[in-house]
Peer 1: 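Submitted below is the structure of interest, expressed as structure tokens.
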Amino acid sequence: MATTVTTRQAATLLHLSTRGVRDACEKGRLEGRLIEGRWIISLASVKRYAKPT
């Protein structure tokens, strides 16, 4: 099972736009790394973001 997702995959899982996902990454709300101009996002952080406490 993958431990990371793309911006598009995260957007689908979170019902957000890809811009919303990139903003969340830039603000540190989602854990991700910018690699060659593309965000690679932790699936665990997507799951946490989907279920705020």
Side-chain angles (χ1 to χ4, degrees):
M1 184 170 177
T3 58
T4 60
V5 293
T6 65
T7 304
R8 183 173 289 152
Q9 290 168 323
T12 299
L13 291 168
L14 295 170
H15 305 287
L16 295 173
S17 66
T18 54
R19 178 73 250 170
V21 171
R22 288 192 304 271
D23 285 345
C25 289
E26 290 166 2
K27 293 175 181 173
R29 294 180 181 146
L30 285 173
E31 294 173 23
R33 295 185 313 178
L34 193 57
I35 299 174
E36 295 183 12
R38 295 175 189 248
W39 282 100
I40 303 300
I41 304 157
S42 158
L43 180 57
S45 76
V46 170
K47 290 178 180 179
R48 282 193 304 273
Y49 192 84
K51 296 182 187 179
T53 55

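This chain uses plain numbering: 1 for the first residue, then up along the sequence. The figures here come from the full heavy-atom set of this structure, side chains too, leaving out hydrogens, waters and symmetry mates.
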Peer 1: Would you give the length of the straight line joining atom CZ of R48 to atom CG of L43, rounded to the nearest 0.5 angstrom?
Peer 2: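 Reported to 0.5 Å precision, the distance equals 10.0 Å.
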
Peer 1: To the nearest 0.5 Å, tell me how far T12 OG1 sits from R8 CZ.
Peer 2: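 Here the rounded value is 8.0 Å.
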
Peer 1: Let me check something: do L16 and V46 share a hydrophobic cluster, defined by ILVMFWY side-chain heavy atoms less than 4.5 Å apart, either directly or through other members?
Peer 2: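 L16 and V46: one cluster.
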
Peer 1: With the side chain counted from C-beta on, respond yes when R38 and T6 share a heavy-atom pair under 4.5 Å apart, and no when they do not.
Peer 2: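 Not touching, per the 4.5 Å side-chain cut-off.
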
Peer 1: My understanding is that only residues two or more places apart in sequence, or in another chain, count here; which of them pass side-chain contact (heavy atoms from CB on, under 4.5 Å) with R33?
Peer 2: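 R33: side-chain contact (heavy atoms from CB on, under 4.5 Å) contacts with I35.
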
Peer 1: How far apart are the closest heavy atoms of I41 and T7, and which atoms are they?
Peer 2: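 Nearest pair, atom of I41 first, then T7: CD1-CA, 3.9 Å.
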
Peer 1: Which residue, L13, L14, V21, forms the side-chain contact (heavy atoms from CB on, under 4.5 Å) with Y49?
Peer 2: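 Among L13, L14, V21, the one that satisfies the side-chain contact (heavy atoms from CB on, under 4.5 Å) with Y49 is L14.
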
